[in-house]
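Worth saying up front: this structure is predicted, and the values here are computed from it rather than measured. Hydrogens, waters and symmetry mates are skipped; everything else that's a heavy atom, side chains included, is used. Throughout, a chain's letter reflects where its sequence line sits, starting with A, and its residues are numbered from 1.
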Number of protein chains: 2
Amino acid sequence: MKEIPAPSKKRLVLLAQILSQRTKEKITSVEIQRLAGWSEATVRRDISLLELHNGVSNGYDVKVLRDAILARFNMEENVQNEHRCCIVGLGKLGEALLESSFFEKSNFKIVAGFDSSQNRIELLRSRIPLHSTNNLESFVRMENIEYAVLSVDDAKAQLMADKLVAAGIKGIVNYTNTVLSVPDSVKIENVNPVLVMRTFLA
Amino acid sequence: MKEIPAPSKKRLVLLAQILSQRTKEKITSVEIQRLAGWSEATVRRDISLLELHNGVSNGYDVKVLRDAILARFNMEENVQNEHRCCIVGLGKLGEALLESSFFEKSNFKIVAGFDSSQNRIELLRSRIPLHSTNNLESFVRMENIEYAVLSVDDAKAQLMADKLVAAGIKGIVNYTNTVLSVPDSVKIENVNPVLVMRTFLA
DNA sequence: CCTTGTGAAGTTCTTCACAGCT
DNA sequence: AGCTGTGAAGAACTTCACAAGG
């Protein structure tokens with residue numbers, strides 16, 4: 001199976017989302033261009049990487065295309081594709097993410113939350129098991145957690161990232177202001193709103 | 001002034017953050033490579049785009065380099081660089097972002113929050129003025145708001161994005177699952193944790 | 001006509017490799 | 001020695017342009 005370049009991967013993931021929201025049976029590269037803002041040539045190239053040969057001359061079948069993307073990235077919602085995740089740092093933001101419905105309709109499941117404050121843990125009383133960050137490394141390892149959301153104070157961000165890395169984490173969605181140092185094998189995406197907005201500037 | 005490519009811009013914004021956390025006076029491209037994970041050649045190329053000529057043979061002066069990046073992207077904290085922002089959708093996540101300290105030490109200022117529920121607006125009672133999304137377009141325009149955080153329900157995401165675009169918004173940090181259709185001139189960054197994690201997959 | 005899929009061309013970004021400075 | 005800055009090379013990505021199918 002051909003390796004798909006990172007930019008194409010990002011677009012295909014978003015394309016799957018677009019297709020999920022569609023009612024019509026067919027879609028063309030020009031329609032996708034209008035919906036997503038990518039050029040029609042890029043859209044066709046991205047889709048061709050899936051080696052589907054499904055769209056010939058008539059546009060793409062929405063369901064077939066969507067299923068192909070889900071399959072290619074193991075995004076189908078079934079047990080063997082389930083990816084176990086945790087949230088580290090249960091301040092207002094961590095709590096909001098913990099209780100959000102974001103993960104519900106996906107194959108990513110939040111299986112634990114961590115905070116350094118025992119008070120906070122007892123106060124929250126979530127359906128999801130909450131633990132002290134003291135036990136972070138052993139829990140992440142034991143629970144086979146693959147991905148983490150990091151929403152701790154900046155001062156603790158690198159320390160917690162180190163623990164996650166030591167526990168074998170595969171990727172971190174970083175809501176903190178801190179730029180994390182991790183091995184190349186660990187994926188990081190910085191989603192702090194201020195850092196993101198700065199990239200909007202001239 | 002030379003235009004800086006988007007990938008370099010993203011790295012330089014993060015580099016400024018790294019430099020802010022530094023105590024030592026000097027830093028080399030190899031140290032930055034270790035801290036951030038970018039190759040030393042990339043680091044030097046990025047910095048050379050600033051046309052500083054400050055680092056010759058001795059590493060870069062942290063303060064000079066940081067100030068140069070801040071200046072280049074109008075990120076200094078002063079009044080004329082202030083960028084006015086709003087949060088659209090004040091559920092748990094929107095509320096958490098509203099009350100977060102993320103924006104405090106930046107030149108992005110949250111000047112308004114919007115929600116479709118009058119109950120919710122009255123319940124929250126923030127220091128920041130909160131309004132109904134009915135008035136979104138006129139408020140954004142009147143208040144000269146440049147950037148928005150979108151944290152509404154998926155069902156309302158495109159509608160709210162349309163209003164923001166109509167009001168002349170320059171960029172949207174999108175926490176929803178919805179892939180937004182906006183003109184090319186409007187910058188979008190998708191930071192929904194599930195969409196981000198999907199890009200981590202094979 | 002309208003589509004897709006894709007070689008080839010074009011563009012952008014990254015890395016190499018080394019001159020030149022300290 | 002160790003460092004930066006940068007032409008030149010290389011790699012990666014995007015777009016063009018068109019053959020072929022419906």
Side-chain angles (χ1 to χ4, degrees), chain A residues 1-15 18-19 22 24-69 72 184 187-188 199 202, chain B residues 1-15 18-19 22 24-69 72 184 187-188 199 202:
Chain A
M1 190 164 51
K2 205 188 296 174
E3 178 65 19
I4 293 182
S8 297
K9 194 196 295 181
K10 285 203 174 180
R11 285 188 299 262
L12 286 169
V13 164
L14 295 179
L15 177 55
I18 289 173
L19 297 174
R22 273 249 137 179
K24 289 208 291 185
E25 197 198 330
K26 295 273 188 175
I27 194 166
T28 67
S29 53
V30 175
E31 289 178 284
I32 296 170
Q33 171 173 48
R34 191 178 45 75
L35 289 170
W38 317 309
S39 83
E40 47 165 325
T42 295
V43 169
R44 287 202 300 276
R45 175 74 63 191
D46 285 348
I47 292 172
S48 82
L49 297 173
L50 299 170
E51 292 167 310
L52 264 184
H53 311 285
N54 160 68
V56 180
S57 309
N58 267 311
Y60 303 95
D61 184 300
V62 169
K63 184 173 167 7
V64 171
L65 181 52
R66 176 168 175 276
D67 287 350
I69 299 172
R72 181 60 181 74
D184 287 356
K187 317 233 177 180
I188 298 274
T199 68
Chain B
M1 191 163 54
K2 205 187 297 173
E3 180 65 17
I4 293 182
S8 298
K9 192 196 295 183
K10 285 203 174 181
R11 286 188 299 263
L12 286 171
V13 164
L14 294 179
L15 178 55
I18 290 173
L19 296 174
R22 273 247 134 179
K24 290 209 288 184
E25 197 198 330
K26 294 276 188 173
I27 195 166
T28 68
S29 54
V30 174
E31 288 177 284
I32 295 170
Q33 172 172 49
R34 189 177 46 74
L35 289 169
W38 317 310
S39 82
E40 47 164 326
T42 295
V43 170
R44 288 202 298 279
R45 174 73 63 193
D46 286 349
I47 292 173
S48 82
L49 299 172
L50 300 170
E51 293 167 309
L52 265 186
H53 311 284
N54 159 68
V56 180
S57 310
N58 266 310
Y60 302 95
D61 183 300
V62 170
K63 184 173 168 4
V64 170
L65 180 53
R66 177 169 174 276
D67 287 350
I69 299 171
R72 181 61 180 74
D184 287 356
K187 318 234 175 178
I188 297 272
T199 69

* Inspect the surroundings of NZ in B/Lys63 and state if more than 12 heavy atoms from other residues, nucleotides or ligands are less than 6.0 Å away. => no
* What string of B, S and - do you get for nucleotides 12-22 of chain D, 5' to 3', when a contact is any protein heavy atom under 4.0 Å? -> -SSB-B---BS
* Asked: Whole-Å distance between C/dC21 P and B/Leu52 CG?
  -> 19 Å
* Nearest-angstrom distance from the residue atom NZ of B/Lys26 to P of D/dG2 -> 17 Å
* Structure fact -> A/Glu31 atom CD is separated from C/dC2 atom C1', nearest whole Å, by 12 Å
* What is the minimum heavy-atom distance between B/Val43 and B/Gln33, and which atoms define it? -> CG2-N, 4.5 Å
* To do: Round to the nearest Å and state the distance from B/Ile27 atom CD1 to D/dT4 atom C1'.
  => 14 Å
* Hey, is A/Lys26 close enough to A/Glu31 for a salt bridge, meaning N to O under 4.0 Å? -> no
* Structure fact -> note: A/His53, atom NE2; C/dT4, atom C1'; distance rounded to Å ~ 11 Å
* Asked: Separation of B/Glu40 atom CD from D/dT6 atom P, in whole Å?
  -> 16 Å
* Asked: For the pair made of CG in A/Leu65 and C1' in C/dT4, what is the distance, rounded to whole Å?
  -> 12 Å
* Of A/Gly59 and A/Ser48, the one whose closest DNA chain C nucleotide lies more 5' -> A/Gly59
* Asked: What residue among B/Val30, B/Thr28, B/Ile32 forms side chain to side chain contact (heavy atoms under 4.5 Å, CB included) with B/Glu40?
  -> B/Val30
* Structure fact -> In whole angstroms, the gap separating C1' of C/dT15 from CG of A/Asp184 amounts to 15 Å
* To do: Could you check A/Ile27, A/Leu35, A/Ile69 and say which one makes a side chain to side chain contact (heavy atoms under 4.5 Å, CB included) with A/Leu15?
  => A/Ile69
* Are B/Trp38 and B/Leu14 side-chain neighbours, meaning at least one heavy-atom pair lies under 4.5 Å? -> yes
